[in-house]
Amino acid sequence: MADNLERRLNTAPMPRNLVENLRKAGHDIVQMARDIGVDPLYIESGLTPLEADALFVKAYEVIGDPAICLKVGMEVDPKLYNFSPLYAMIGATLAIGMERHATFSPLVLGFLMRAEINGQYAELKIDSAYLEFRPYCFAKVDYHFTSMLGFMRLTTEKPIKPRYMKLRRPEPDFAALYQEKFDCPVTFSDEENVMAITLEDYNSPQLTYNPAMEPLFAEAVDQLMHDLQDDSIKGRVRRALETNADLREVSLASLAKTLVVSERTLQRRLSEEKVTFAELLDGVRQQFAMRALAFKEMNNQELAYRLGFANVNSFYRAFKRWTGETVERFRRTQMG
């Protein structure tokens, strides 16, 4: 598939947990992307709707198991979350977390999601009707529900289980697997996709709640939402930067190559939008640092190195400028 700058706007990444869980199950999404002519870089930095559709079709055909997402979706690793599910994790209650999930669901998984109260239950609903002509649609719904349940159990540390489920799909040959995975009554060929949990569970406190980080993450998530919907080149550059686990070698020239545009054109386009590459890099460094510190992924020296600072003192000064507090104080806050 041919790439150019304009075609790379308005894209969304595949969920990292899905990619990793498929890899663990022996399925190479990276190779599948290459097979259909998509640069694997865009699995994380963002696939166009056509590319995402082609990759899902390819994966569905190659894997050959319509129950694959039921089998691999429940396992979630918070270190693979991007800022949107991390923001959901640090909310005070599961209800807040699910509301935040619903906000990002159309952008990340392509489904509209909503929560409705029905008597003593909270019904989590996914609208899949518009996508049901695609072969992978119901597998994608399975992933959405299984990963959501994995998220609930992770953040509350409770063995939450649905009380009932309704699915639009016809009853498949592997219907018993739904009972095994969700341990609740499941009906098929329904008008809606619904996973119901008790209101008590829905209003459970999240043990991952972090009030100190909420305002910082809220700002980062607002920026991410803007970028995902942004037709500007600065949004595209920011998202390309966010896919780099190591920012030492990132430069305007390397970003221009990634975006398939000349360095001069990229600089001109950024100038037209009144932003510089250095400003965008600074913002992404801040996001990376907050995430790494929140999950205690590395020490200060290594983090400064990964972020591309000349030394750890330069990182300390930047962090104080970003947040108004020192790195050590921030770490102590997380420990508390």
State, yes or no, whether a side-chain contact exists between [X] and [Y] at a heavy-atom distance under 4.5 Å.
| X | Y | value |
| --- | --- | --- |
| Glu192 | Lys166 | no |
| Leu94 | Asn203 | no |
| Pro205 | Thr93 | no |
| Glu171 | Val186 | no |
| Leu266 | Phe277 | no |
| Thr146 | Leu70 | yes |
| Arg169 | Ser189 | no |
| Met98 | Met148 | yes |

Take a 6.0 Å sphere around [atom1] of [X] and say whether it holds more than 12 heavy atoms from other residues, nucleotides or ligands.
| X | atom1 | answer |
| --- | --- | --- |
| Arg321 | CZ | yes |
| Asp173 | CG | no |
| Glu200 | CD | no |
| Glu279 | CD | yes |
| Tyr305 | OH | no |

Any luck finding a side-chain donor-acceptor pair between [X] and [Y] under 3.5 Å?
| X | Y | value |
| --- | --- | --- |
| Asn300 | Glu328 | yes |
| Glu123 | Tyr202 | no |
| Asn193 | Ser128 | yes |

Decide side-chain hydrogen bond (donor to acceptor under 3.5 Å, both in side chains) for Gln31 and Asp35; before the verdict, give the C-alpha distance in whole Å, the side-chain angles of both, and the deciding distance to 0.1 Å. CA-CA 6 Å; Gln31 186 56 52; Asp35 289 344; 2.9 Å; yes
Inspect the contact between [Y] and [X] and indicate whether a charged nitrogen and a carboxylate oxygen are less than 4.0 angstrom apart.
| X | Y | value |
| --- | --- | --- |
| Lys181 | Asp142 | no |
| Arg100 | Glu214 | yes |
| Arg168 | Glu132 | yes |
| Lys320 | Glu325 | no |
| Glu272 | Arg268 | yes |
| Glu75 | Lys24 | yes |

Nearest 0.5 Å, please: how far is [atom2] in [Y] from [atom1] in [X]?
| X | Y | atom1 | atom2 | value |
| --- | --- | --- | --- | --- |
| Thr198 | Lys161 | OG1 | NZ | 11.0 Å |
| Ile197 | Ser204 | CD1 | OG | 7.5 Å |
| Ile90 | Thr208 | CD1 | OG1 | 8.5 Å |

What is the ring orientation for Tyr178 with Phe182, classed by angle as parallel under 30°, tilted 30 to 60°, or perpendicular over 60°?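 Tyr178 vs Phe182 ring planes: parallel.
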Using the six-membered ring wherever Trp is involved, compare the ring planes of Phe315 and Phe309 and label them parallel, tilted or perpendicular (cut-offs 30° and 60°).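 Aromatic pair Phe315/Phe309 classed tilted.
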What about Tyr60 and Tyr136, are their ring centers closer than 6.0 Å?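 No, they do not, as the ring centres are separated by 6.0 Å or more.
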Pair Arg23, Glu20 - check salt bridge (charged side-chain N to carboxylate O under 4.0 Å, His left out), show working. CA-CA 5 Å; Arg23 184 194 67 77; Glu20 176 62 13; 2.6 Å; yes
What verdict does the side-chain hydrogen bond (donor to acceptor under 3.5 Å, both in side chains) test give for Glu116 and Tyr121, after you've listed the backbone C-alpha separation in whole Å, the side-chain angles of each residue and the deciding distance to 0.1 Å? CA-CA 8 Å; Glu116 295 181 358; Tyr121 300 114; over 6 Å; no
